[in-house]
Amino acid sequence: MIRLDVTPESAGWGYSGLRVVVLAPGDEYQQSTGADEVVVVPLSGAATVTTETDKAELTGRASVFDGPTDVVYVPVESTLTLRSTDGGRFALATARATKRLPFRHIPVAEQRIELRGAGVCSRQVNNFATTDVLDADRIIACEVLTPGGNWSSYPPHRHDDLEEIYYFEVAGGGPAYQRADGVQEVRTGDVVLIPNGWHGPSMATPGYHLYYLNVMAGPGERAWVIEDEPEHAWIRDTWSGQAIDERLPFQKEDR
């Protein structure tokens with residue numbers, strides 16, 4: 001079952017997309033990637049990903065707060081089949097692309113997991129489809145985990161050459177907040193689309209950990225160039241005297 005489907009057409013832009021697929025035990029999902037390159041990200045559960053010529057076993061995870069997951073890159077003009085023995089939820093991050101690059105399984109060991117910020121700006125970033133980890137045509141994707149009470153995507157920033165999707169999950173079902181064009185309350189399963197302009201922070205309310213998946217693509221060079229909002233850029237200088245939140249990193253025992 002398709003739980004969420006954001007396409008360039010539905011978003012009113014040209015490149016970024018996201019689909020969330022829910023599989024019951026033993027089910028499968030199939031689609032033609034067409035003009036899209038796809039990164040398959042397990043949100044919960046394990047799966048087998050196949051195309052006409054390639055296959056990968058995704059170990060996955062119990063939840064997005066259970067630590068990083070392995071992912072699979074599927075190129076354009078492929079028939080993607082997703083099968084799950086025990087069922088689960090899977091994000092298919094997409095970008096309109098022109099180059100056909102090889103199918104690839106990216107285990108956690110090949111990703112760049114970083115703890116960013118400090119104090120109440122501490123967060124964890126799992127880089128599995130950023131430019132330094134994955135060779136792709138246009139897609140850039142990563143996930144961010146923010147302990148309850150902390151802020152991420154802060155200082156506010158912009159990268160106007162990239163169309164960005166934020167997909168949210170909140171531990172315990174509580175609310176969180178995203179500043180973009182105004183401030184929006186978000187809960188598990190919600191998305192915020194950011195075509196351009198200043199955005200951030202992403203605010204995890206006390207008692208509720210926040211997860212979001214970022215999917216970005218654009219017409220220019222595949223580069224993640226961030227510009228801080230000038231009036232708030234000084235915040236970065238305050239981190240040098242603060243410790244990283246001891247609740248990070250999120251691992252299996254933190255569920």
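One-based numbering along the sequence shown.
Proximity of a side-chain donor or acceptor of Thr81 to a complementary backbone N or O of Gln30 within less than 3.5 Å is not detected. Although no hydrogens or angles enter the test, the distance criterion places a donor-acceptor pair under 3.5 Å between the side chain of Thr94 and the main chain of Gly17. The main-chain N or O of Pro42 is found under 3.5 Å from a side-chain atom of Arg61 such that the two form a donor-acceptor pair. With hydrogens and angles disregarded, a donor-acceptor distance shorter than 3.5 Å links the side chain of Asp137 to the backbone of Thr98. Put simply, the side chain of Ser78 never gets that close to the backbone of Thr33: no donor and acceptor are under 3.5 Å apart. A distance-only check finds no donor-acceptor pair linking the side chain of Arg138 to the backbone of Glu37 [under 3.5 Å]. Without hydrogens or angle criteria, Thr205 side chain to Tyr208 main chain gives no donor-acceptor distance under 3.5 Å. Judged by distance alone, with hydrogens and angles left aside, the side-chain atoms of Arg100 form a donor-acceptor pair with the main-chain N or O of Val76 at under 3.5 Å. Formation of a donor-acceptor pair under 3.5 Å by the Ser16 side chain with backbone atoms of Ala217 is found in this model. Side-chain atoms of Glu163 come within 3.5 Å of backbone N or O of Gly14 as a donor-acceptor pair.
A salt bridge is absent between Glu169 and Arg3; no separation between the charged side-chain nitrogens and carboxylate oxygens falls under 4.0 Å.
Rounding to the nearest 0.5 angstrom, the gap separating the CZ atom in Arg123 from the CD1 atom in Ile244 is 10.5 Å. Summarising the geometry, atom SG belonging to Cys142 is positioned 11.0 Å from atom CD belonging to Gln111; distances are rounded to the nearest 0.5 Å. Between the CD1 atom in Ile113 and the CG atom in Asn127 there is a gap of 7.0 Å [rounded to 0.5 Å]. To the nearest 0.5 angstrom, Ile140 atom CD1 is 10.0 Å from Leu134 atom CG. The CH2 atom of Trp239 sits 8.0 Å away from atom CZ of Arg116, with the distance rounded to the nearest 0.5 Å. Interatomic distance, OG1 of Thr7 versus CG of Asp36, reported as 9.0 Å (0.5 Å rounding).
Linking ILVMFWY residues whenever their side-chain heavy atoms come closer than 4.5 Å, directly or via other members, leaves Trp151 and Val144 in distinct clusters. In the hydrophobic clustering of this structure, Leu23 groups with Ile2; members are Ile, Leu, Val, Met, Phe, Trp, Tyr whose side-chain heavy atoms approach within less than 4.5 Å, directly or through other members. Residues Leu92 and Met216 are members of separate hydrophobic clusters, defined by side-chain heavy-atom contacts under 4.5 angstrom among Ile, Leu, Val, Met, Phe, Trp and Tyr. Taking hydrophobic clusters as Ile, Leu, Val, Met, Phe, Trp and Tyr residues chained together by side-chain heavy-atom distances below 4.5 Å, Tyr166 does not share a cluster with Tyr211. Tracing side-chain contacts under 4.5 Å through hydrophobic residues (I, L, V, M, F, W, Y), one reaches Phe128 starting from Ile139; they form part of the same cluster.
Asp245 and Asn150 are linked by a side-chain donor-acceptor pair at a separation below 3.5 angstrom, with hydrogens and angles left out of the test.
At least one side-chain heavy atom of Leu145 sits under 4.5 Å from a side-chain heavy atom of Asn126. Within the 4.5 Å cutoff, side-chain heavy atoms of Leu210 are placed close to those of Val170. Between Trp198 and Pro230, the closest side-chain pair of non-hydrogen atoms falls below 4.5 Å. Side-chain contact between Leu162 and Trp224: present, with at least one pair of heavy atoms (C-beta onward) separated by less than 4.5 Å. Put simply, the side chain of Arg83 reaches to within 4.5 Å of the side chain of Thr50, judged on heavy atoms. Residues Leu115 and Pro249 meet the side-chain proximity criterion, which asks for heavy atoms closer than 4.5 Å. Counting heavy atoms from C-beta on, the side chains of Val49 and Phe103 come closer than 4.5 Å. You'll find the side chain of Tyr167 stays beyond 4.5 Å of the side chain of Val215, heavy atoms only.
The minimum heavy-atom distance between Arg158 and Gly197, with the atom names listed, is CB-O, 3.3 Å. The heavy-atom pair separating Ser44 from Ala62 by the smallest distance is CB-O, 3.3 Å. Nearest approach of Val133 to Ile106, heavy atoms of both residues: CG1-CG2, 4.2 Å. Residues Thr69 and Gly60 come closest through the heavy atom pair OG1-CA, 3.3 Å. Contact detail for Ser84 and Gly88: the closest heavy-atom pair is OG-N, 4.0 Å. Taking every heavy atom of both residues into account, Asp161 and Pro219 meet most closely at O-CD, 3.6 Å.
For the salt bridge (Lys or Arg N to Asp or Glu O under 4.0 Å) condition, the pairs that include at least one residue of residues 176-202, sequence neighbours left out, are Arg179-Glu229, Glu185-Arg187.
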Hey, mind stepping through Val186 and Tyr212 against side chain to side chain contact (heavy atoms under 4.5 Å, CB included) and telling me if it holds?
-> CA-CA 10 Å; Val186 293; Tyr212 53 89; over 6 Å; no
Is there a side chain to side chain contact (heavy atoms under 4.5 Å, CB included) between Val72 and Leu80 once you walk through the steps?
-> CA-CA 11 Å; Val72 167; Leu80 184 163; over 6 Å; no
Kindly indicate, with the supporting measurements, whether the criterion side chain to side chain contact (heavy atoms under 4.5 Å, CB included) is fulfilled by Arg19 and Tyr29.
-> CA-CA 12 Å; Arg19 181 169 288 177; Tyr29 166 81; 2.6 Å; yes
Given side chain to side chain contact (heavy atoms under 4.5 Å, CB included), test Thr146 with Met203 step by step and report yes or no.
-> CA-CA 8 Å; Thr146 309; Met203 295 164 270; over 6 Å; no
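In this structure Ser32 satisfies the side chain to side chain contact (heavy atoms under 4.5 Å, CB included) test with no other residue, sequence neighbours excluded. Scored by the side-chain hydrogen bond (donor to acceptor under 3.5 Å, both in side chains) test, Glu164 finds His159, His199, Asn214 as partners (sequence neighbours excluded).
For Glu52, the CD atom is densely surrounded, since the number of other residues' heavy atoms within 6.0 Å is greater than 12.
Below 30°, between 30° and 60°, or above 60°: for Phe250 and His209 the angle between ring planes is above 60°, a perpendicular geometry.
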